[in-house]
Enquirer: 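The structure's right below; bear with me while I get my questions together.
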Amino acid sequence: MNIPAIPAERLPELLRAMPKAELHIHIEGSLEPELIFALAERNGVALPYASVEELRRAYAFTNLQSFLDIYYAGASVLLKEQDFHDMAWAYLQRAAQDGVVRAEIFFDPQTHTARGVPMATVIAGLHRACQAARAQLGVDAELILCFLRHLSEEEAFETLEQALPWRDKFIGVGLDSSELGHPPEKFARVFARCRELGLHCVAHAGEEGPPAYVWSALDVLKVERIDHGVQSAKDPALMARLAQDRIPLTVCPLSNQKLCVFSDLRQHNLRQLLDAGLMATVNSDDPAYFGGYLGENFSQTFAALGLDCGHAYRLARNSLEASFASPEAKRAWIERLDAVFERFAAGG
Ligand code: HPA
Ligand code: ZN
């Protein structure tokens, strides 16, 4: 649709109200320090931090690895089905408040199975929260199982095998954890198997890693979306490919700022990606660690980059179109999106 004129002062309200999808959220990254301490107490797990405040003070990251070390330590308090449920439910309630109508949620089973937590426990708890979100919050939530790329492809195969009894409870697979030194092609065979199984495929690429990793995620893993992908701007041929094939990028501005991918939010290249015709989306990545959920990612990025209502419409629409929901569901959400913009244009 033609974007109607909406007064700039209503932009913050519009950003929150517009229906949108969140496509890049690690559920373990939504674990707030308060819940980490509550679960540690509930489960009798000792933490190397004396208080919530001390833990929060440790959230001063210099790169991806400095974050991952603390993120995996935080996840160690998750033991029971109820813990996984409570974590996901807390996230989904926040997402609903931010206007999220669809959430495609990453989880890292290897972080839990390595500690002796059964795959069934992880998936059952997360799945129960997703079902409750659909019924009680109107949020359509699905799970995407991520392989940890610092581990071997053989371990990824074992993880897939363990998860297959719950094949109907996740819609796809992803690739996350330490990017540098672990290129997508390391997982070529396991992704080929996942494609045969009819699973959707996505991968983190070009967060810290070079454009070559984005190329191999596309051409070797044959992923449908690139998670992050901001380093693609260094390669004009790659930018042309991403635009031509309408490959969605799940960009995470506050994450990129916290992990020093960009020195400052004002230096972020989201506007450049949109101007080049890429199908960029905005997401929160690990909101408990990076200073904000989806609403904060939108409001802070729009303020820092001076984005407007046209960008807001484009980003919300991209997120809905880039989701793995049915064409009918997407059509219905886009109609709601258009209705919200028309209401704001009419002063309502
Ligand atoms: N990058 C890679 N792995 C991750 C991230 C991330 O931003 N968050 C959680 N696991
Ligand atoms: Zn991520």
Side-chain angles (χ1 to χ4, degrees), residues 21-32 36 58-76 78 84 87-88 91 95 103-112 114 122 126 143-151 155-156 159 172-184 186-187 200-210 213-214 217 221 223-232 248-262 265 268 270 280-294 297 301 319 322:
E22 175 145 60
L23 306 176
H24 186 158
I25 159 78
H26 301 263
I27 202 62
E28 294 87 353
S30 74
L31 203 46
E32 292 286 343
I36 292 179
Y59 293 180
F61 311 117
T62 51
N63 56 21
L64 174 58
Q65 194 60 50
S66 65
F67 154 69
L68 289 171
D69 294 341
I70 288 191
Y71 162 84
Y72 294 128
S76 71
L78 297 158
F84 291 91
M87 168 174 67
Y91 161 71
E104 298 183 5
I105 299 176
F106 295 146
F107 69 111
D108 285 343
Q110 288 160 294
T111 306
H112 314 299
V122 178
L126 298 178
L143 299 173
I144 295 180
L145 182 158
C146 284
F147 301 119
L148 299 181
R149 70 202 301 160
H150 66 275
L151 301 178
E155 287 164 293
T159 302
V173 296
L175 186 64
D176 65 2
S177 191
S178 320
E179 185 180 11
L180 290 169
H182 302 285
K186 179 177 164 187
F187 296 90
H200 288 291
C201 292
V202 300
H204 283 55
E207 177 183 15
E208 289 183 339
Y213 285 19
V214 179
L221 303 188
V223 299
E224 297 157 81
R225 298 194 298 246
I226 295 288
D227 296 314
H228 292 294
V230 291
Q231 302 298 337
S232 305
L249 298 189
T250 62
V251 176
C252 306
L254 289 179
S255 165
N256 293 153
Q257 179 185 42
K258 280 279 180 198
L259 300 188
C260 307
V261 171
F262 295 96
L265 215 44
H268 199 285
L270 177 64
T281 64
V282 167
N283 305 271
S284 70
D285 206 7
D286 300 283
Y289 292 89
F290 298 151
Y293 287 77
L294 190 54
N297 271 272
T301 306
S319 74

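All residue numbers refer to positions in the sequence shown, counting from 1. In what follows, every heavy atom counts, from backbone to side chain, and hydrogens, waters and symmetry copies are set aside. Atoms within each ligand, like the ligands themselves, are counted from 1 in listed order.
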Enquirer: If you have a sec, work out which protein heavy atom is nearest atom 8 (N) of ligand 1 and how many Å separate them, to one decimal?
Expert: Asp286 OD2, 2.7 Å
Enquirer: I'd like to know if the side chain of Thr111 pairs up with that of Tyr71 as donor and acceptor (distance under 3.5 Å, no hydrogens or angles considered).
Expert: no
Enquirer: Take the angle between the ring planes of His24 and His26 and call it parallel below 30°, perpendicular above 60°, tilted in between.
Expert: perpendicular
Enquirer: Check each atom of ligand 1 against the heavy atoms of Asp176 and keep those under 4.0 Å away; list them by number with element.
Expert: 3 (N), 10 (N)
Enquirer: Is Cys252 close enough to the Zn ion (ligand 2) to have an N, O or S atom under 2.8 Å?
Expert: no
Enquirer: Could you check whether any side-chain N or O of Ser30 sits under 3.5 Å from a backbone N or O of Asp286, counting only pairs where one atom can act as donor and the other as acceptor?
Expert: no
Enquirer: Starting from atom 10 (N) of ligand 1, find the nearest protein heavy-atom neighbour and note its residue, name and distance.
Expert: His26 CE1, 3.5 Å
Enquirer: Side chain, backbone, both or neither: which part of Asp108 comes within less than 4.0 Å of ligand 1 when only heavy atoms are counted?
Expert: neither
Enquirer: Answer yes or no for His24: is there an N/O/S atom below the 2.8 Å cut-off from the Zn ion (ligand 2)?
Expert: yes
Enquirer: What's the separation between atom CD1 in Ile27 and atom CG in Leu143, rounded to the nearest 0.5 Å?
Expert: 8.5 Å
Enquirer: Based purely on interatomic distance, does Asp285 place a nitrogen or oxygen under 3.5 Å from a nitrogen or oxygen of ligand 1?
Expert: yes
Enquirer: How is the N/O/S atom of Asp285 that comes nearest to the Zn ion (ligand 2) named?
Expert: OD1
Enquirer: Could you tell me, atom by atom, which parts of ligand 1 come under 4.0 Å of a heavy atom of His228?
Expert: 7 (O)
Enquirer: For atom 3 (N) of ligand 1, state which one of Gly29, Cys146, Cys252, Ser177 supplies the nearest heavy atom.
Expert: Ser177
Enquirer: Identify, by name, the N, O or S atom of His204 lying closest to the Zn ion (ligand 2).
Expert: NE2
Enquirer: What class does the angle between the rings of Tyr289 and Phe61 fall in, given that below 30° is parallel, 30 to 60° is tilted and above 60° is perpendicular?
Expert: tilted
Enquirer: To the nearest 0.5 Å, what is the distance between CZ (Phe290) and CD (Gln257)?
Expert: 11.0 Å
Enquirer: Can a non-hydrogen atom of Glu179 be found less than 4.0 Å from any atom of ligand 1?
Expert: no
Enquirer: When the ring planes of His112 and Phe84 are compared, do they come out parallel, tilted or perpendicular, using 30° and 60° as the limits?
Expert: perpendicular
Enquirer: Under 6.0 Å from the NZ atom of Lys258, do we count more than 12 heavy atoms belonging to anything else shown?
Expert: no
Enquirer: Quick one: look at Leu68 and ligand 1, take heavy-atom pairs under 4.0 Å, and tell me if it's side chain, backbone, both or neither.
Expert: side chain
Enquirer: Looking at Ala205 and Ile226, what are the two nearest heavy atoms and their distance?
Expert: O-CG2, 3.6 Å
Enquirer: Decide if the gap between the ring center of His204 and the ring center of His228 is smaller than 6.0 angstrom.
Expert: yes
Enquirer: Identify which one of Asp285, Val261, Asn297 satisfies the side chain to side chain contact (heavy atoms under 4.5 Å, CB included) criterion when paired with Ser255.
Expert: Asp285
Enquirer: Check ligand 1 against Phe67 and write out every atom of the ligand that is under 4.0 Å from a heavy-atom position of the residue.
Expert: 8 (N), 9 (C)
Enquirer: Have a look at ligand 1 and work out which part of Phe106, if any, has a heavy atom under 4.0 Å from it: side chain, backbone, both or neither.
Expert: neither
Enquirer: State whether Glu207 contributes an N/O/S atom found under 2.8 Å from the Zn ion (ligand 2).
Expert: no
Enquirer: Check whether any N or O atom of Glu207, backbone or side chain, sits under 3.5 Å from an N or O atom of ligand 1, and answer yes or no.
Expert: yes
